[in-house]
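Worksheet: one structure, shown below.
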Amino acid sequence: MTTTETGMVRNETAPGVAVLEARHVTKEFPVRGNPFGRGKGRVVHAVDDVSLVLYAGRITALVGESGSGKSTFARLLAALHPLTRGEILFKGEKVDARGGRRFREHVSRVQLILQDPFGSFNPVATIARTLMRAVRIHHRTASPARRKAIIDDLLAQVSLRPAAQFTQKYPHELSGGQLQRISIARALAADPAVFLADEPVSSLDVSIRLGVLNLLRKLTEERGVALLYVTHDIASARYFAEDTAVMYAGQLVEHGSSEQVTQNAAHPYTQLLISSAPDPSRADENRVPDIGQPPSLINPPSGCRFHPRCPFAMERCAEEAPPRFAVDDGQWARCWLYADDDEAAAGRAQNARLHGTGAIRRAGRPVPDGEL
Ligand code: ADP
Ligand code: MG
């Protein structure tokens with residue numbers, strides 16, 4: 001366990017028990033055609049062949065620009081959308097039979113926490129009523145007095161004390177940070193095994209973000225919950241999550257420990273995300289660089305989807321999608337720069353000139369597709 005300079009605590013032990021697993025998960029949304037029939041039959045390739053494992057008591061960050069498919073992937077993990085292809089396993093068992101016991105357990109024990117807490121509350125219900133609804137679902141046999149005690153305990157767990165100061169309030173009477181804590185309390189009512197936190201602090205004031213993240217960290221560790229932290233902010237992933245997966249145009253392009261991915265980023269897209277993140281220590285150059293635009297997901301680029309924006313693109317990048325290359329222990333990148341040939345080596349040398357000591361100079365080992 002280490003405390004970072006921002007005061008966040010990070011767990012550096014090996015992964016524990018796999019709780020939720022996505023295998024080759026793909027989601028295509030049909031495009032609604034216009035009245036003249038154009039666009040009919042086409043699809044949005046929102047999530048394409050994504051495999052990821054979430055472990056008990058461990059935080060995994062899913063990082064990418066807006067529109068890269070992060071929220072869709074989180075919703076697929078929560079079983080809120082049917083999959084187009086692939087499978088999801090909860091505690092080693094496939095989740096598919098809608099209405100079956102495993103499906104019911106999955107939807108209650110895999111809890112989504114959304115970016116905008118105001119949007120996820122009924123504006124005309126008191127906090128007590130909202131929480132009571134969740135408690136009633138998950139504690140069917142508890143007496144009214146017992147349910148009230150459970151609500152007080154849930155509020156205490158998210159550091160909202162005394163409970164009476166919050167239960168009779170309406171959502172608009174609370175701050176964004178307080179409301180986000182209450183949405184976490186509501187999720188806790190289900191005794192979750194997994195939290196899917198989709199940009200949980202992006203809509204909050206900068207000054208209170210750390211408090212909410214540290215609360216999520218505490219709950220993850222104390223209760224052994226697996227946490228997926230969805231964010232567009234790769235800098236926060238470094239401090240908050242043990243592992244980081246980088247998503248581009250619906251696909252994972254890099255995965256490893258947060259330390260590896262942020263300090264020795266292998267994929268040019270990850271490098272771009274890092275160099276475009278605002279860095280308080282570079283106040284004089286705090287301009288937003290022109291980093292280009294993500295591609296259309298209806299008609300994604302051929303080969304590597306990042307090749308039109310990639311400063312290191314080679315001919316093959318437009319022709320063939322790269323496999324995953326293991327570039328370090330536990331770190332892989334889906335990028336032709338790590339192929340074992342002279343042209344790729346020249347690309348790596350050019351990359352190293354731009355990225356200095358952090359750049360990875362060796363060829364990688366192709367990871368077989370079956371390996372997650
Ligand atoms: P992110 O969370 O990374 O910003 P999203 O998962 O929200 O990305 O979106 C990925 C892509 O999928 C976008 O092009 C978006 O327009 C599309 N998309 C998301 N939900 C739907 C839906 N229900 N129907 C059609 N397209 C969708
Ligand atoms: Mg999103």
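Bear in mind that the values here come from a model prediction, so they are computed numbers and not experimental data. Just follow the structure's listing: the first ligand is 1, and inside any ligand the first atom is 1.
Note on L83: it clusters hydrophobically with L228, by side-chain heavy-atom contacts below 4.5 Å among ILVMFWY residues. In this structure, V327 is not a member of the same hydrophobic cluster as L52, with clusters built from ILVMFWY side-chain heavy atoms closer than 4.5 Å.
Side-chain contact, S203 with D116: no donor N or O sits under 3.5 Å from an acceptor N or O.
In this structure, R181 is not positioned above the aromatic face of F166 in the sense of NZ or CZ being under 6.0 Å from the six-membered ring centre and within 45° of the axis.
Atoms of ligand 1 found under 4.0 Å from any heavy atom of S68 (numbered from 1 in listed order, with element): 1 (P), 3 (O), 8 (O). The contact set between ligand 1 and S71, taken as ligand atoms under 4.0 Å from a residue heavy atom, comprises 1 (P), 2 (O), 6 (O), 7 (O). Near L297, meaning under 4.0 Å from one of its heavy atoms, ligand 1 places the atoms 11 (C), 14 (O). Close approach of ligand 1 to E65 (heavy-atom distance below 4.0 Å) involves ligand atoms 3 (O).
In this comparison of P30, G250, G67, the heavy atom closest to atom 4 (O) of ligand 1 sits on G67.
Residues that satisfy the side-chain hydrogen bond (donor to acceptor under 3.5 Å, both in side chains) test with R85, not counting sequence neighbours, are E28. Under the side-chain contact (heavy atoms from CB on, under 4.5 Å) criterion, P323 pairs with F325, W336, sequence neighbours left out. With sequence neighbours left out, R353 forms a side-chain contact (heavy atoms from CB on, under 4.5 Å) with A349, Q350.
Not one N or O on the side chain of R365 forms a donor-acceptor pair closer than 3.5 Å with the backbone of A326.
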message: Using side chain to side chain contact (heavy atoms under 4.5 Å, CB included), reason through L112 and L80 one step at a time and then give a plain yes or no.
response: CA-CA 10 Å; L112 260 174; L80 294 177; 3.3 Å; yes
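Atom 17 (C) of ligand 1 has its closest protein heavy atom at V44 CG1, 4.0 Å. Atom 8 (O) of ligand 1 has its closest protein heavy atom at G69 N, 3.1 Å. Here the heavy atom of the protein found nearest to atom 12 (O) of ligand 1 is A46 CB, 3.4 Å. Nearest protein heavy-atom neighbour of atom 5 (P) of ligand 1: T72 OG1, 3.7 Å. Of all protein heavy atoms, the one closest to atom 27 (C) of ligand 1 is F29 CD1, 3.3 Å.
With contacts defined as side-chain heavy-atom distances shorter than 4.5 Å, the pair F312/Q271 qualifies.
Annotation: protein N, O or S atoms under 2.8 Å of the Mg ion (ligand 2) (waters excluded) comprise S71 OG.
There is a protein heavy atom closer than 4.0 angstrom to atom 19 (C) of ligand 1.
Polar contact with ligand 1: absent for H81 (N/O pair, distance under 3.5 Å).
Evaluated for a side chain to side chain donor-acceptor pair (under 3.5 Å) with H232, the options E65, K70, E199 yield exactly one hit, E199.
Ligand 1 has at least one atom lying under 4.0 Å from a heavy atom of S66.
The ring of Y248 has its center no closer than 6.0 angstrom to the ring center of H267.
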